[in-house]
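Chain naming here is simple, since letters A, B, ... match the order of the sequence lines and numbering starts at 1 in each. These numbers come from the heavy atoms of this one structure, side chains and all, not from hydrogens, waters or symmetry mates.
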Protein chains: 2
Amino acid sequence: MELLNRVKDSKGKKRSSKRDPEANRQLLIKATLDTIADIGVTDTSVSRICERSGLSRGMIHLHFGGKDNLLTAAAQHFSAQYYAEMDRLTDLGSDASPENRVMAVIEADLSEALLNPRSTKIWHAFRGIASSHPGIARYSSTQDHKLVETLRLAFKEIAQKNERDPNLVGDATAGTLALLEGMWVNYLTDMQGFSRRRSVDLIRRFLCGLFPGNFKL
Amino acid sequence: MELLNRVKDSKGKKRSSKRDPEANRQLLIKATLDTIADIGVTDTSVSRICERSGLSRGMIHLHFGGKDNLLTAAAQHFSAQYYAEMDRLTDLGSDASPENRVMAVIEADLSEALLNPRSTKIWHAFRGIASSHPGIARYSSTQDHKLVETLRLAFKEIAQKNERDPNLVGDATAGTLALLEGMWVNYLTDMQGFSRRRSVDLIRRFLCGLFPGNFKL
DNA sequence: ACATTAAATGGACGATCGTCCATTAGAGAC
DNA sequence: GTCTCTAATGGACGATCGTCCATTTAATGT
């Protein structure tokens with residue numbers, strides 16, 4: 001059974017599937033994330049990752065120089081994937097109202113594409129070890145990304161008229177992100193009882209309170 | 001240096017400090033939590049815990065039957081301590097207004113007694129491994145405790161007058177808890193930049209939006 | 001003082017950890 | 001084909017893991 005699936009790398013060169021360092025790198029990262037989701041970070045060992053990926057035990061040291069670097073790369077990949085999917089899901093026309101843009105972010109964050117058993121387990125696993133793992137800590141915060149600016153900008157547009165309180169926009173942004181964090185925790189804690197719709201509506205209700213007249217229904 | 005500090009157990013019997021199983025049990029739990037806060041769950045081993053506690057390596061198996069049970073006991077202890085301190089801090093007179101009771105919970109949860117580097121690291125570490133550790137999962141949720149009922153009751157009193165929306169009380173409760181979760185994450189992520197006052201005010205603002213007229217200033 | 005019972009010790013044990021490297025295998029150049 | 005270079009393998013290695021238990025130590029009862 002020697003099947004040589006043809007692959008192309010970024011430069012279009014043809015490669016056989018038997019030798020593809022980059023693909024194996026990705027394979028290891030994928031296997032790492034899957035293992036963490038399955039059995040938890042604590043039990044995620046080099047052997048287990050290799051076993052799942054189908055590659056040999058030496059590959060991790062070869063491609064990443066050690067387990068720690070692989071974990072960091074996995075966290076980075078996971079984070080990047082989240083933001084990529086978030087972008088994809090919130091790609092409304094540029095003439096969308098700020099309210100709709102905010103709600104798009106919320107609905108995306110709580111959609112099954114982003115919020116699912118696998119992602120929640122991985123996300124919280126990484127966050128749990130972040131404090132003792134500087135490399136991972138860099139990818140366990142939502143706070144310093146384009147996403148924050150998207151929200152801030154939208155809230156700024158909404159608040160424009162009555163700009164009495166200088167903290168309103170910042171609070172709306174931070175509060176929305178905090179509420180979303182809380183929803184992820186709820187999902188992790190009780191996946192059966194979790195309702196995406198109710199969660200979206202809850203956040204909408206809070207925003208409607210902050211900006212009376214907007215975010216209705 | 002043989003100092004025999006006198007201790008009394010729950011029944012008032014005198015004991016020398018050299019032999020005190022219960023005290024050693026607590027010592028192990030304490031050492032476990034401290035170790036987790038210091039170096040993370042991943043690196044928290046039986047040897048490390050014993051080293052920190054000053055007790056011998058056999059004690060964990062003797063008192064808890066294994067590492068897993070110790071971890072579970074530590075999670076349980078940590079949770080119990082949180083709720084005990086929360087009760088202590090929110091012990092207002094029973095004639096306090098519902099708004100004040102809600103704010104007391106929020107201020108307590110964000111006070112240094114409950115929200116500090118040690119507690120945040122431990123809390124998130126436990127949550128991170130909860131999905132693969134059923135014994136710990138039972139203590140990593142805020143959702144099924146007296147605290148929830150305290151909030152729900154207070155919000156119910158506040159909403160009493162205009163009870164048009166049946167979900168208002170539930171949403172206020174869940175939303176408040178979610179916001180608090182989010183604040184803990186913010187604290188973990190950036191302890192330097194975190195401000196307890198601003199966090200309290202942010203949540204108050206959201207509640208003021210939900211219940212116009214209440215939670216002012 | 002001695003016997004009895006429970007607490008505490010610390011080392012033995014096999015299993016598994018993560019790292020590293022001598023070796024093999026595959027792809028392209030010539 | 002042969003040469004060269006890199007990808008990939010899989011086992012060796014010492015360290016550490018968690019568990020268990022024979023032994024020692026301390027407190028209590030008689």
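In terms of position along DNA chain C, the nucleotide closest to B:Met59 lies nearer the 5' end than the nucleotide closest to the other residue of the pair A:Ile60 and B:Met59. Mapping A:His61 and A:Ser45 onto DNA chain C by nearest heavy atom places A:Ser45 closer to the 5' end of the strand.
Remark: C1' of C:dT16 and CZ of A:Arg48 are 9 Å apart, rounded to the nearest angstrom. Atom CD1 in B:Ile49 sits about 17 Å away from atom P in C:dA8, given to the nearest Å. As rounded to whole Å, 11 Å separates atom P of C:dT19 from atom CG of A:Leu71. Distance, B:Leu62 CG to D:dT23 P: 18 Å, rounded to whole Å. Here the P atom of nucleotide C:dA6 and the CG atom of B:Asp20 are 16 Å apart, to the nearest Å. Residue A:Ile39 contributes atom CD1, which lies 13 Å from atom P of C:dT16 at whole-angstrom precision. Taking atom CD of A:Gln26 as the reference point, atom P of D:dA7 lies 16 Å away to the nearest angstrom. Following rounding to the nearest Å, A:His63 (NE2) and D:dA7 (C1') show an atom-to-atom distance of 7 Å.
The pair A:Arg118-A:Asp34 counts as a salt bridge, with a side-chain nitrogen and a carboxylate oxygen less than 4.0 angstrom apart. Taking the charged nitrogens against the carboxylate oxygens, B:Glu149 and B:Arg152 do have a contact shorter than 4.0 Å, which makes a salt bridge. Note on B:Arg204 versus B:Asp201: salt bridge recorded, some NZ/NE/NH1/NH2 to OD/OE distance being below 4.0 Å.
Remark: the B:Arg19 side chain and the D:dA27 base include no donor-acceptor N/O pair separated by less than 3.5 Å. Judged by atom type and distance alone, B:Arg57 reaches the base of D:dT19 through a side-chain donor-acceptor pair under 3.5 Å.
Here the nucleotide nearest the side chain of B:Ser56, chosen from D:dA8, C:dG18, C:dG10, is C:dG10. Between D:dA7, D:dT19, C:dT9, one nucleotide has an atom nearer to the side chain of A:Pro21 than all others, and that is D:dA7.
Side-chain polar atoms of A:Thr142 and A:Glu181 form a donor-acceptor pair below 3.5 angstrom.
The phosphate of D:dC17 (OP1 or OP2) has a side-chain N or O of B:Ser47 nearer than 4.0 angstrom. OP1 and OP2 of C:dA7 both lie 4.0 Å or more from every side-chain N or O belonging to B:Asn24.
Between B:Thr35 and the choices B:Arg52, B:Lys30, B:Glu51, the side-chain hydrogen bond (donor to acceptor under 3.5 Å, both in side chains) rule is met once, by B:Arg52.
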